[in-house]
**Student:** 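Have a look at this one before I ask anything.
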Amino acid sequence: MLRVETAGLHDLAGAYRTCLLTGDAGQDASPLHRDPDLLGHVYVGPYLAQGRGTQLVAVDEQGVAGYLLSTDDTRAFEAWAERTWWPPLRERYPLNEGDTADDALIRLIHQPELAPAGLTDRFPAHLHIDLQERARGTGLGRAMIERLLADLRARGVPGVHLEVATQNTNAIGFYGHLGFIRVGAGHEAVLMGLELA
């Protein structure tokens, strides 16, 4: 039976695995990566390490089946990651000119994508959510986002944004049903935002 819990560092391995199993526009990215940790280093680790905002996991007897990770203040999070999270990873993964999926993630470690100028004025918070197949269609994704939105409103955060792969039309439709609107585009991605005030 799947349930939602507050995430902690003890969920790191399961969340990294979920990131890998959903990392190709919602599908298993394992065949694309030699290093199974790189996706997690970029999209999971800093949120759990910083431990602020709303961090949730969907768990059952098999372990972590999904997560929602967020920050209330994207700019402050980016600054924290630049000071604390990225430096040791840059030492571990030297920058190179390769063209594999791992090489692209290593470039993100060295040159993280920052939220576009102006986006964080309206939508200062952001989130990442990924669910493994066994957690999809259960209502947990909606429940985790609704819990996040309630938390953000209670903390006085005026808006939240997310990025979703352009080809992930199911996710784009899901967020649209929750009230998110398209507010921009990234590299092969759609930016969606929701005002909370």
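All of these numbers come straight from a predicted model, not from anything done at the bench.
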**Student:** Side-chain heavy atoms nearer than 4.5 Å, only ILVMFWY residues, links allowed to pass through others: does that put Met192 and Leu119 together?
**Tutor:**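 No, Met192 and Leu119 fall in different hydrophobic clusters.
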
**Student:** Honestly curious: do Val59 and Leu9 fall in one hydrophobic cluster under the side-chain, below-4.5 Å linking rule?
**Tutor:** yes

**Student:** If we only count heavy atoms from C-beta on, is the Leu38 to Ile106 side-chain gap below 4.5 Å?
**Tutor:**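 Yes - at least one pair of side-chain heavy atoms lies under 4.5 Å apart.
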
**Student:** Under a 3.5 Å cutoff, is there a donor and acceptor pairing between the side chains of Ser30 and Asp28?
**Tutor:** yes

**Student:** Going by an N to O cut-off under 4.0 Å, is there a salt bridge joining Glu97 and Arg107?
**Tutor:**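 Here Glu97 does not pair with Arg107 in a salt bridge, since their nearest N and O are not under 4.0 Å apart.
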
**Student:** Within the structure provided, determine whether Phe123 and Val160 are in side-chain contact (heavy-atom separation under 4.5 Å).
**Tutor:**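 Of all side-chain heavy-atom pairs linking Val160 with Phe123, none is under 4.5 Å.
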
**Student:** What is the distance from atom CG of Asp102 to atom CZ of Arg34, rounded to the nearest 0.5 Å?
**Tutor:**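 Spacing of CG (Asp102) from CZ (Arg34) equals 6.0 Å.
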
**Student:** Which atom names give the shortest non-hydrogen contact between Gly40 and Cys19, and what distance separates them?
**Tutor:** N-SG, 4.1 Å

**Student:** With hydrophobic residues grouped by side-chain heavy-atom distances under 4.5 Å, do Leu114 and Leu191 end up in a single group?
**Tutor:**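 Leu114 and Leu191: separate clusters.
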
**Student:** Taking a hydrophobic cluster as the set of Ile, Leu, Val, Met, Phe, Trp and Tyr residues connected by side-chain heavy atoms closer than 4.5 Å, whether directly or through intermediates, do Val42 and Leu39 fall within one such cluster?
**Tutor:** yes

**Student:** Should Tyr175 and Ile145 count as side-chain neighbours, where that means a heavy-atom distance under 4.5 Å?
**Tutor:**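 Result yes, sub-4.5 Å side-chain heavy-atom pair found.
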
**Student:** Before you tell me yes or no, could you show the steps for Tyr16 and His41 under ring pair (Phe, Tyr, Trp, His ring centres under 6.0 Å), namely the whole-Å CA-CA distance, both residues' side-chain angles and the distance that decides it to 0.1 Å?
**Tutor:** CA-CA 8 Å; Tyr16 267 48; His41 287 332; 5.4 Å; yes

**Student:** State, to 0.1 Å, how close Met144 and Ile129 come at their nearest heavy-atom pair, and which atoms those are.
**Tutor:** CE-CD1, 4.0 Å

**Student:** Where do Asp72 and Arg52 land on the salt bridge (charged side-chain N to carboxylate O under 4.0 Å, His left out) test, with the steps shown first?
**Tutor:** CA-CA 8 Å; Asp72 292 4; Arg52 296 187 190 148; over 6 Å; no

**Student:** Any chance you could measure Met1, atom CE, to Thr138, atom OG1, to the nearest 0.5 Å?
**Tutor:** 10.0 Å

**Student:** Say you draw a straight line from OG1 of Thr74 to NE2 of His161; how long is it, rounded to the nearest 0.5 Å?
**Tutor:**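 Nearest 0.5 Å value for the OG1-NE2 distance: 4.5 Å.
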
**Student:** For His177, I'd like to know if atom NE2 has over 12 heavy atoms of other residues, nucleotides or ligands within 6.0 Å.
**Tutor:** no

**Student:** Any heavy-atom pair between the side chains of Thr54 and Leu152 that's under 4.5 Å?
**Tutor:**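 The answer is no, as the side chains (C-beta and beyond) never meet within the 4.5 Å cut-off.
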
**Student:** Who clusters with Leu32? Use side-chain heavy atoms, under 4.5 angstrom, across I, L, V, M, F, W and Y, and order the result by chain and number.
**Tutor:**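 None; Leu32 is a cluster of one.
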
**Student:** For a 4.5 angstrom cut-off between non-hydrogen side-chain atoms, does Leu178 reach Arg142?
**Tutor:**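 In short, these two side chains touch, coming nearer than 4.5 Å.
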
**Student:** Under the side-chain contact (heavy atoms from CB on, under 4.5 Å) rule, what do Leu194 and Leu149 come out as? Steps first, then yes or no, please.
**Tutor:** CA-CA 9 Å; Leu194 178 67; Leu149 299 180; 3.6 Å; yes

**Student:** Would you mind reporting whether Pro124 and Arg75 have side-chain heavy atoms less than 4.5 Å apart?
**Tutor:** no

**Student:** Could you give the distance from CD (Glu188) to CG (Asn168), rounded to the nearest 0.5 Å?
**Tutor:** 13.0 Å

**Student:** Can you list the residues that meet the salt bridge (Lys or Arg N to Asp or Glu O under 4.0 Å) rule with Glu163, with sequence neighbours excluded?
**Tutor:** none

**Student:** Specify the closest pair of heavy atoms between Ala15 and Tyr67, including all atoms of both residues, with the distance to one decimal.
**Tutor:** O-CE2, 3.4 Å

**Student:** Walk me through it: do Arg17 and Val64 pass the test side-chain contact (heavy atoms from CB on, under 4.5 Å)?
**Tutor:** CA-CA 8 Å; Arg17 178 159 176 72; Val64 174; over 6 Å; no

**Student:** To the nearest 0.5 angstrom, please state how far the CH2 atom of Trp86 sits from the CH2 atom of Trp80.
**Tutor:**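 With rounding to 0.5 Å, CH2 (Trp86) is 9.0 Å from CH2 (Trp80).
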
**Student:** Check the pair Thr6 / Arg147 against side-chain contact (heavy atoms from CB on, under 4.5 Å), numbers first and verdict last.
**Tutor:** CA-CA 11 Å; Thr6 299; Arg147 180 164 162 189; 3.3 Å; yes

**Student:** Go through the structure and list residues passing ring-ring contact (aromatic ring centres under 6.0 Å, His included) with Tyr47, not counting sequence neighbours.
**Tutor:** Phe77, His126, His128

**Student:** Answer with yes or no whether the side chains of Asp130 and Tyr43 bring together a donor and an acceptor at under 3.5 Å.
**Tutor:**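 Side-chain D/A pair, Tyr43 to Asp130: absent.
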
**Student:** If you round to the nearest 0.5 Å, how far is CG of Leu196 from CZ of Arg155?
**Tutor:**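 Between Arg155 CZ and Leu196 CG, I get 11.0 Å after rounding to 0.5 Å.
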
**Student:** Look only at the side chain of Asp73 and the backbone of Ala76, and say whether a donor-acceptor pair between them is shorter than 3.5 Å.
**Tutor:**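 At least one qualifying donor-acceptor pair exists.
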
**Student:** Of all heavy-atom pairs between Thr22 and Leu131, which one has the smallest distance, and what is that distance?
**Tutor:** CG2-O, 3.4 Å

**Student:** Of the non-hydrogen atoms in Ala58 and Leu140, which two are nearest, and what is the gap between them?
**Tutor:** CB-CD1, 3.9 Å

**Student:** Are Ile109 and Leu12 connected in the hydrophobic side-chain network, where two residues link if heavy atoms are under 4.5 Å apart?
**Tutor:**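 Linked within one cluster.
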
**Student:** List the atom of Ser70, the atom of Leu148, and the distance in Å for their closest heavy-atom pair.
**Tutor:**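 Of all heavy-atom pairs spanning Ser70 and Leu148, the closest is OG-CD1, 3.4 Å.
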
**Student:** Is the shortest side-chain heavy-atom distance between Phe174 and Val164 below 4.5 Å?
**Tutor:**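 In short, these two side chains do not touch, never coming nearer than 4.5 Å.
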
**Student:** Does the pair His33 and Leu105 meet the rule for a side-chain contact (heavy atoms from CB on, under 4.5 Å), with working shown?
**Tutor:** CA-CA 10 Å; His33 297 281; Leu105 289 168; 3.3 Å; yes

**Student:** How about CZ on Arg182, more than 12 heavy atoms from neighbouring residues, nucleotides or ligands closer than 6.0 Å, or not?
**Tutor:** no

**Student:** Mind checking whether Glu5 and Leu56 have side chains closer than 4.5 Å, heavy atoms only?
**Tutor:**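 Glu5 does not reach Leu56 side chain to side chain.
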
